Structures are given as C-alpha cells and as structure tokens.
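Here is the structure we will look at.
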Amino acid sequence: MKLGSSLCTLNVGGRRFCFSAELMKHLPLSRLSRLYRCVSESELLELCDDYDRDRNEFFFDRHSEAFSFIMLYVQHGKLRFLPHMCELSFYNEMLYWGLESSDLQLCCQRRLDDRLSDCFVHFFPEEDVRGPEEPQSCWLERMRRTFEEPTSSLAAQILASVSVVFVVISMVMLCASTLPDWKSSDNLDQHRVIEAVCIGWFTAECIVRFLVSRDKCEFVRRPLNIIDLLAITPYYISVTMTTLTGENSQLQRAGVTLRVLRMMRIFWVIKLARHFLGLQTLGLTLRRCYREMVMLLVFICVAMAIFSALAQLLEHGLDLESGNQDYASIPAACWWVIISMTTVGYGDMYPVTVAGRVLGGLCVVSGIVLLALPITFIYHSFVQCYHELKVRSSRCSRSLSGDFIN
C-alpha cells in the first residue's frame, strides 16, 4: 500500500482532488479518515468504488460538486447547501462522507427540516434478508403475518374481515342488551349464544397470535394485545361469578360488578385499530404528541385555577349572603371555567354580576386561544403519521398484488 506516500488522489465523479496522507488523517470526514487507517486493499474497496495502486488514486462514484462544497466546509468550517441541488440529495452526500445535519448552518438546517417534513421522508426498517428457513419456521412466519398483518396476503385480508364482522356483531349485541325490550328470556338466551360465539372467536384468535409470535414477552407488552385481554377477560370472570353465585343470588341482583365487567367489553371496538388506517393514525399521533397533549393540559389547568378563583371571588366572595350560590366554592367554579373555555356552555351556571360577565368573556376568548396553540402541532403530526402509515400500507398492497399475480 502507498497510503504512506506524500500525495493521495481522490477521484470523485471524474474530478480529482489531491491531499497529503497526513491531511486525510485529520479530515473531519469519517470515510476519508477511515480510508487512511486501511491496511489492505480489500478494506479500501469497502470504502471506495475502486483503487489504482500505481497512481495511489481512489475512485468514488459520487456527486463531484457536492464534494467540492463539502471540502469548502473542511477549509472554512461553514457548510451550506449546493445551489440548484435538491436538499435531500445533498444530505445523502453528507451522510455518505460522514457528516450530519448538525454540521449545516442553522438556516440550511431549517431548510432541510422543512424539506423532510414536506416530502414526508422517513426511513423504515427493512426486513432482514434471511437465508433458507426450515419448513416449520417458514410456516410459523406465514401464520404470524396472516394474523398480525391484515394486508400481507389474501388469507390475511379474509381473516381480518371476519374479525371485523365479529367485532361489529358484538358491539351491536352489547348495545341492544341495554334496551328495555331486550329483557325477555328468549332474547337473553340468544344474546348469550351470540356473545359466547364472538368471545370464542376472539379467544382463539388471541391464542393463535400468541403461539406464532416471535417474542412472547413483546407480544404481551403491546398495547393492542393488552386491550384484547381486557376485552376478553371480563366475560370469563362474569361467567365464573354467575356459575359460583347462582343466577338469582343477591350478588347477581345487585349486579354492579357484573355490569362493570360487561361494559368493559366496549374495548372490543378498539380491535378495529388493527384493520383501519384512521384509528392507527390516531393512536400513533397521540403517542408522538404526548408532550403537546401535556402542554395543552397544563394550559387548561393554569387557566382554570386563575379564572375559577376570580369567578368565585366576584360572584360569591364579595357578598357572602346574597352572592351567586353556584360559585360558592372554587371547585364549583372550575366546572364553569371548563365549559366556558371549551365554548360548550351548558347554561346550568352563569355569572350575574357585570364583573363576572366580563371575566366570562375573557375566559371564553382565552380558552379559544390556548386550545388553538398546540392544535397546530398535533395536526401536522397527524398528517405526517397518516402519510407514514399510508406508505407502509401501499408497500404491503404492492407485495400482495405481486403474490396474487404470481
């Protein structure tokens, strides 16, 4: 190797750049500094596209003008985008040579962030390329994709459709069971049969998904799987309690515990998030925007503390005998602040003094402003999450179409 020679030549996209070996050692470009430390030609070819031993020349099939701008950064310490070149392409060149977005000037960092947001560029983990698998593991993987990814195959889509039908039926039966005309014994027997069939389907589906999952601990920790467990378990608890206590026992007539357990089956509707992009977008948005949600809650709590204290003082505290009894305490005034800031206005309590009405107007206006501030961030995150999930869904759809054609 001639890396120890006085001069090294980098051929980037047809343009030659000459450096001393000592300078390459101290360049802030990680790829070139790693190039200096190579001790064999095989290691060199992992970092460059070709190498000429006689001329000590390294070939890189990259954008030459972008590399010229990067070398200006090496000389002057300031890195900006190349004019008339896409920001994303230049950023790709930066990553190749070992630079990060933090190396850009602040104005160019903002341009890159805006460009990434506008184009919804996100890097998804690609599936690992695996070698030939055993027939049993291949069968388990196919089963896992069928139950976990509704768009992975035609069978998965059919299975997801059947699951949605059972969810809709169970929701309809749960709502119908609360109607007064549904209390007859014949209707109750039909309801129990249909309910048992739906629960049996959900239980079998959950067990199969657990058995074919790759990581059992990760499966148990997933939010949707926890919701499935919360939706299925109350049925078996209520059946067990009915069997042990009897149909007409005192506990059954009281019915508080069993009614609570039955109403917990409303969690079944969240199972639809497995099959509908909108519900997945909502969940992903809430998970990513928890800081904005906490900020919104803090805004409301601070405003509620201020306005409820002032409302209690103006409506009741100044005249304890003839004051407005609806505002007798600050907790009672908090209810008025909430319905005023959210512009609901039930009309169950309202200020009667002039000062109280002025305060009410300020409360409504401030509520509109405070609620609108974090909404912009949440909206943009929702759009971004929707496009991310749509890209993933389209990938799975293209894969499904290819499998169907084949």
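Because the structure is predicted, anything quoted here is derived from the model rather than measured.
Here the CZ-CD1 distance, from R288 to I378, works out to 14.0 Å after rounding to the nearest 0.5 Å. In this structure, the separation between OG on S308 and CD1 on I338 is 9.5 Å, given to the nearest 0.5 Å. Taken to the nearest 0.5 Å, the CG atom of L95 stands 4.5 Å off from the OH atom of Y91. Note that CG of D228 is 10.0 Å distant from OG1 of T203, once rounded to the nearest 0.5 Å. Here SG of C198 is found 9.0 Å from CE of M171. Values are rounded to the nearest 0.5 Å. In this structure, H380 NE2 and E292 CD are separated by 11.5 Å, a value rounded to the nearest 0.5 Å.
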Please walk me through it: do L10 and L32 pass side chain to side chain contact (heavy atoms under 4.5 Å, CB included)? CA-CA 10 Å; L10 302 182; L32 296 185; 3.7 Å; yes
Mind running side chain to side chain contact (heavy atoms under 4.5 Å, CB included) on F58 and D50 for me, showing each step along the way? CA-CA 6 Å; F58 305 90; D50 200 0; over 6 Å; no
Evaluate W97 against V12 for side chain to side chain contact (heavy atoms under 4.5 Å, CB included), listing each step before the verdict. CA-CA 11 Å; W97 295 109; V12 182; 4.1 Å; yes
Which is it for Y51 and E57 under the side chain to side chain contact (heavy atoms under 4.5 Å, CB included) test, yes or no, and what are the steps along the way? CA-CA 6 Å; Y51 173 64; E57 186 173 357; over 6 Å; no
Tell me, with the steps shown, if Y327 and W335 meet ring-ring contact (aromatic ring centres under 6.0 Å, His included). CA-CA 10 Å; Y327 298 83; W335 168 249; over 10 Å; no
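When only modelled atom types and interatomic distance are considered, S340 and Y350 share no side-chain donor-acceptor pair under 3.5 Å.
Taking all atoms of both residues into account, the shortest heavy-atom contact from I330 to Q312 is N-CG, 3.9 Å. The two residues L370 and F299 make their nearest non-hydrogen contact at O-CD1, 3.9 Å. Across all their heavy atoms, I70 and L79 have their closest contact at CA-CD1, 4.2 Å. The minimum heavy-atom distance between M341 and C363, with the atom names listed, is CG-SG, 3.5 Å. In this structure, A66 and E93 approach most closely via the heavy-atom pair CB-CG, 3.9 Å. Of all heavy-atom pairs between L371 and I300, the closest is CD2-CD1, 3.7 Å.
Contact annotation: the side chain of L104 approaches that of F81 to within less than 4.5 Å [non-hydrogen atoms, C-beta and beyond]. Contact check for M143 versus R209: no side-chain heavy atoms found under the 4.5 Å cut-off. Residues S366 and F307 have side chains in contact (heavy-atom distance under 4.5 Å, counting atoms from C-beta outward). Two residues are said to be in side-chain contact when any heavy atoms from C-beta on lie closer than 4.5 Å; F17 and R15 meet this criterion. Counting heavy atoms from C-beta on, the side chains of E100 and M94 never come closer than 4.5 Å. Proximity of F202 to V167: side-chain heavy atoms (C-beta onward) are separated by under 4.5 Å at one or more points. The shortest side-chain heavy-atom distance between T9 and N56 does not fall under the 4.5 Å cut-off. Considering only heavy atoms from C-beta on, S213 stays 4.5 Å or farther from E218 through its side chain.
No donor-acceptor distance shorter than 3.5 angstrom exists from the side chain of R111 to the backbone of E87, with no hydrogens or angles considered. Panel note: side chain N225, backbone F219; a donor-acceptor pair is recorded below 3.5 Å. No side-chain donor-acceptor contact under 3.5 Å links S89 to the backbone of M85. Between the S161 side chain and the Q157 main chain, a donor and an acceptor come within less than 3.5 Å of each other.
Relative to the ring axis of F67, R62 does not place its NZ or CZ within 45° and under 6.0 Å from the centre. Geometrically, R80 does not engage F69 in a cation-pi contact, judged by NZ or CZ lying under 6.0 Å from the ring centre and within 45° of the ring axis.
Checked options M295, R291, M293; the residue passing with P374 is M295 (criterion: side-chain contact (heavy atoms from CB on, under 4.5 Å)).
Taking a cutoff of 4.0 Å between a charged side-chain nitrogen and a carboxylate oxygen, R34 and E43 do not qualify as a salt bridge.
Atom CZ of F382 has more than 12 heavy atoms from other residues, nucleotides or ligands within 6.0 Å. Around atom CZ of R287, no more than 12 heavy atoms belonging to other residues, nucleotides or ligands sit under 6.0 Å away. Other residues, nucleotides and ligands place no more than 12 heavy atoms under 6.0 Å from the OH atom of Y379. A 6.0 Å sphere centred on CZ of F59 holds more than 12 heavy atoms belonging to other residues, nucleotides or ligands. The 12-atom threshold is exceeded at CG of D52, counting heavy atoms of other residues, nucleotides or ligands nearer than 6.0 Å. Atom OH of Y96 has more than 12 neighbouring heavy atoms from other residues, nucleotides or ligands inside a 6.0 Å radius.
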